[in-house]
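Structure, as C-alpha cells:
Throughout, numbering of the chain's residues begins at 1 and tracks the sequence. Hydrogens, waters and symmetry mates are skipped; everything else that's a heavy atom, side chains included, is used. Predicted model only: the values in this text are computed from it and were never measured.
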Amino acid sequence: MGFSALSPLGGKAIQGGKQICNRTTRGWLSLLAPILAITLALFTKEVITSLMVGILSGTFLYALGTGLNPLAGTVETAFAVMVDKADLYIIIFCCLLGSLVSVASLAGGSGAYGRWATSKIRSKRAALLSTSLLGILIFIDDYFNCLTVGTVMKPVTDKYRVSRAKLAYIIDSTAAPVCIIAPVSSWAAAVGSNLRSTGRFDSDFSAFLAAIPFNLYAILSLVMVGTMCLKDLDFGPMAEREAMARAGELGAVESPEEAGASASGRGTVADMLLPVGALIIFSVAGMLYNGGYWGADPAYRHSIGAAFGNCTAASALTWGCFGALAVSAALFLPRRLMTFQDFMRGVTDGIKTMVPACTILLLAWTISGVCRDLLQTAEFVKNAFGGSIPGELLPALIFVTAAFLSFSTGTAWGTFGILIPIVVPIAEAVAPALLVVSLSATLAGSVFGDHCSPISDTTILSSTGAGCPHMDHVSTQMPYAVLVASCCIAGYLVAGFTNANVWLTLGTGLFLLLAAIAFLHRRASGLKTGRGRTG
C-alpha cells in the first residue's frame with residue numbers, strides 16, 4: 001500500500017518535497033503510546049478513546065522527531081498509518097459474519113439450534129466442555145475460531161447461565177493457544193515464514209513441531225480451560241461474574257437482532273448448522289485455493305499442509321463468509337422464512353453490530369504500526385535487554401520480553417516476527433542446547449501478551465463473539481492468564497537449569513498450575529462464605 005505523505009514501513013516522511021528518514025528509537029518515550037493506551041483502557045473502560053489517545057501521542061512524538069509540523073504531522077501520520085495497516089479483508093469478514101448471524105437469527109435458526117442443543121446438552125458442565133471442544137476443533141485460524149464458537153455456543157451457555165465473560169475466556173483461550181501449536185493453521189504458517197527467514201533450519205516445519213512440547217503457555221492454557229470447565233472452578237473477578245450469572249445477569253451486550261427483531265417461528269436446526277457448515281467448508285476450500293493446492297506450483301500442489309502454510313487466511317475467510325451468506329439466502333428465501341427485504345435488513349443490521357469491533361480493530365492495528373514501525377518500540381526493548389545473559393535464564397527472559405512487547409503492541413504475530421530473528425543468533429551464541437526452548441518461549445510469550453492486551457485483535461474478537469463487554473472480558477481473563485504465565489516462567493527456569501528436559505519442564509508447570517487453581521478457588525469460596533456469615 002502506498003501513500004504520498006508517509007511510509008511507516010520505511011520510517012520515511014515527506015515534508016516540503018524532501019524525504020526524511022528516521023529509524024532511531026525514541027528511547028523510553030517509545031513506550032509512552034502503548035502504556036498510555038493500555039492504562040487509559042484499563043482505568044476508563046473506554047477502549048476507543050484510549051486507543052485514539054495512544055495513537056495521537058505516538059504520532060506526535062514521531063512528528064517532533066522528524067521535523068514535521070506538530071499538529072498537521074501528528075494527524076496526517078496517524079491516518080497514513082491507519083490506511084497502511086488496515087486489513088480490509090478482516091473488516092469485510094467481520095461485517096459479513098455479523099450479517100450471517102443476523103439473518104440466521106431472523107430465520108429462526110439460532111433459536112431452533114438453542115432449543116435443540118439445550119435438549120441434548122443437559123448440564124452446565126457439558127455446555128462448558130462442548131464450548132471448549134469446539135474451540136479446539138476450529139484450529140485453522142483464531143479469527144475464525146473466535147467468532148464461530150461464540151455464534152454457535154451462546155444459546156447453549158445462556159441456557160445454563162454461564163456468564164458471557166466466562167464464554168469469552170473459553171473462546172480466547174482456545175483460539176490463539178490452539179492455533180500456535182496446530183501444525184496446520186495460519187499461525188503455523190506465520191511462524192514458519194519467520195523461521196525460514198533466519199536461514200538456520202533445514203526445515204522450518206520440523207523446527208515448529210520441535211517447539212510445540214515447550215510451548216508452555218499454549219499447553220497450560222488449555223489445561224486450565226479444561227480444569228475450569230470440568231470442576232467449575234473460578235476465582236477473582238470471574239467468580240463474581242459467575243455469581244451474577246447464576247442470579248440471571250449474564251453480562252451480555254445485546255445486538256439489535258437479539259434485542260428486538262422478530263424471528264421466524266418456522267426455523268429449524270438446519271437453518272443454523274447449514275450456514276455455519278458452509279462457512280467452514282468454503283473457508284477451508286478458500287485457504288487451500290489461495291494456498292496453491294490446486295495450482296501449478298509443485299511446492300504446494302496436492303499437499304494440504306503446504307497449502308495451508310502458504311494460504312492467506314483473511315481473504316479465504318471473507319470468501320467463505322460470503323458463500324455462507326449466499327447459502328443462507330438459498331435456504332431462507334424460497335421457503336419464505338423471510339422476504340428479500342427482511343433478508344437485506346438482516347444483512348445491514350448485522351453489519352451495524354460489528355461496527356464497534358471493526359473500529360477497535362482498526363485502531364489496534366494503527367497503534368501497533370505506530371509502536372513497531374515509527375517509534376521502534378521493539379528495537380528499544382531489544383537493546384534494553386541486550387548484554388550478557390546467563391544461559392540458564394535465557395528462556396524465561398525471552399518469555400517475559402515477548403510478553404511485554406506483545407502486550408504493548410497488541411500483536412503476537414508482530415512480536416514473534418520481530419524477536420525470532422533476534423532470538424535465534426542469541427540462543428546459538430549463549431546456549432545452543434536451549435535454541436528450541438528459546439523459540440518456544442518466544443511464541444509462548446507472544447501469545448500471553450496478546451491474550452492479555454486490551455488492544456489485541458483476538459481479545460477484541462473474543463469479546464465480540466461472546467457478546468461480552470470488551471473490558472469485562474479483559475479484566476476477568478487477566479488473573480487467569482497471569483497465573484498460567486507465572487507457571488510458565490517457573491517451567492522455563494527449570495528448562496534452563498535442566499538443559500531442556502521436556503518432562504521436568506512440563507511437569508513443573510502443570511503441578512504449579514493445578515495447585516494454584518485449587519488454592520485460589522478454595523480461598524475465593526472461603527471469602528464468599530465469610531461474607532455470607534457476616535452479612
Side-chain angles (χ1 to χ4, degrees), residues 37-51 94 98 101 124 127-128 131-132 135 142 145-147 149-151 153-176 221 224-225 228-229 232-256 258-259 353-361 363-364 407 410 448-484 520 524 528:
I38 291 167
T39 303
L40 283 175
L42 291 174
F43 280 97
T44 67
K45 313 297 184 183
E46 219 298 298
V47 182
I48 292 177
T49 302
S50 303
L51 285 170
C94 289
V101 173
K124 180 179 180 179
L128 293 171
T131 305
S132 303
D142 56 326
N145 181 305
C146 291
L147 295 173
V149 175
T151 299
M153 295 307 299
K154 267 189 294 188
V156 181
T157 55
D158 285 356
K159 174 70 175 180
Y160 290 102
R161 295 188 176 183
V162 176
S163 68
R164 291 293 179 86
K166 190 163 188 176
L167 175 60
Y169 165 69
I170 294 173
I171 292 171
D172 210 352
S173 298
T174 55
S221 290
M224 184 160 187
V225 168
M228 307 302 279
C229 294
D232 196 21
L233 303 178
D234 293 296
F235 56 86
M238 188 71 78
E240 298 174 4
R241 296 302 191 283
E242 283 293 282
M244 293 170 61
R246 286 191 291 272
E249 177 53 55
L250 299 179
V253 176
E254 288 189 324
S255 60
E258 292 172 327
T353 65
M354 301 303 290
V355 168
C358 291
T359 302
I360 296 174
L361 275 175
L363 294 174
F407 183 82
F448 164 56
D450 181 85
H451 205 184
C452 290
S453 178
I455 61 175
S456 161
D457 45 8
T458 48
T459 306
I460 295 162
L461 290 178
S462 296
S463 56
T464 301
C468 171
H470 180 58
M471 292 311 298
D472 275 5
H473 171 44
V474 172
S475 61
T476 53
Q477 176 171 263
M478 186 79 74
Y480 290 13
V482 170
L483 172 61
V484 173
L520 290 170
K528 181 174 66 176

For this session: Starting at CD1 of I455, measure out to NE2 of H470 and round the result to the nearest 0.5 Å.
Result: 9.0 Å
Problem set entry | Over all atoms of both residues, closest heavy-atom pair of A466 and I171 | CB-CD1, 4.0 Å
Exercise. Taking all atoms of both residues into account, what is the closest heavy-atom pair of M153 and A127, and its distance?
Worked result: CE-O, 4.0 Å
For this session: Would you give the length of the straight line joining atom OG of S475 to atom CD of E240, rounded to the nearest 0.5 angstrom?
Result: 9.5 Å
Problem set entry | Between CG on residue L250 and OG1 on residue T157, distance to nearest 0.5 Å | 8.0 Å
Exercise. About how many Å separate CG of L233 and OH of Y480, when rounded to the nearest 0.5 Å?
Worked result: 8.5 Å
For this session: Return the minimal non-hydrogen interatomic distance between K154 and G465, and the atom names on each side.
Result: CE-O, 3.5 Å
Problem set entry | Which atom of T459 lies closest to which atom of D172, heavy atoms considered | CA-OD2, 3.7 Å
Exercise. Closest heavy-atom contact between S462 and C146?
Worked result: OG-SG, 3.3 Å
Exercise. Hey, is the main chain of R246 close enough, under 3.5 Å, to the side chain of R161 for a donor-acceptor pair?
Worked result: yes
Exercise. How many angstroms lie between OG in S132 and CE in M228, if you round to the nearest 0.5 Å?
Worked result: 11.0 Å
Exercise. Between the main-chain N or O of A245 and the side-chain N or O of S163, is there a donor-acceptor pair closer than 3.5 Å?
Worked result: no
Exercise. How far apart are the closest heavy atoms of H451 and S173, and which atoms are they?
Worked result: CE1-OG, 3.2 Å
Problem set entry | side chain to side chain contact (heavy atoms under 4.5 Å, CB included) evaluation trace for D450 with D457 | CA-CA 8 Å; D450 181 85; D457 45 8; 4.1 Å; yes
For this session: Keeping the roles fixed (side chain from T476, backbone from H473), state whether a donor-acceptor pair exists under 3.5 Å.
Result: yes
For this session: Look only at the side chain of T464 and the backbone of I460, and say whether a donor-acceptor pair between them is shorter than 3.5 Å.
Result: yes
Exercise. Between E242 and K166, is there a donor-acceptor pair closer than 3.5 Å when you use the side chain of the first and the backbone of the second?
Worked result: no
Exercise. Could you give the distance from CZ (F407) to OG (S456), rounded to the nearest 0.5 Å?
Worked result: 10.5 Å
